Chemist: 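One structure is given below, represented as C-alpha cells, and several questions about it will come after.
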Amino acid sequence: MKRSTFAHAVALWIGTVVPALAASGAREDNSGIFVWIFLGFCALIIVAQLLPAVLMMFGFAKGLKKERPLAKEHASH
C-alpha cells in the first residue's frame with residue numbers, strides 16, 4: 001500500500017515536471033560580444049562616478065563625527 005502510494009506520488013511529480021523541462025526556457029536575445037562590451041563600459045562609467053561620491057560621503061561622515069574644540073569664553077572685566 002505504501003509502496004504504491006509512493007509510486008503514484010513519483011508518477012504524479014514526474015507528470016507535472018516533464019512539461020516544464022520540455023519548455024525551452026533559454027531566452028535568446030542574440031546579443032554578441034559587442035553588446036556585452038558596451039554594457040561593461042556603461043557599468044565602468046557608473047562605478048567610476050559612484051566611487052568619488054561614496055568617498056565624499058565618508059568624508060562628510062568623518063567630519064560630522066569629529067569633535068569640535070570647545071571655545072573658551074573670556075570674561076574681561
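In this text, all values refer to a predicted model and were calculated from it rather than measured experimentally.
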Chemist: Side chain to side chain contact (heavy atoms under 4.5 Å, CB included) with I45: which residues, sequence neighbours excluded?
Modeler: F41, Q49
Chemist: Which ILVMFWY residues are connected to L44, directly or by a chain of links, through side-chain heavy atoms under 4.5 Å apart?
Modeler: none
Chemist: Going from CE on M56 to CG on L51, what distance comes out if it is rounded to the nearest 0.5 angstrom?
Modeler: 12.5 Å
Chemist: Return the set of residues passing side chain to side chain contact (heavy atoms under 4.5 Å, CB included) with V10 (not counting sequence neighbours), or none when no residue passes.
Modeler: F6, I14
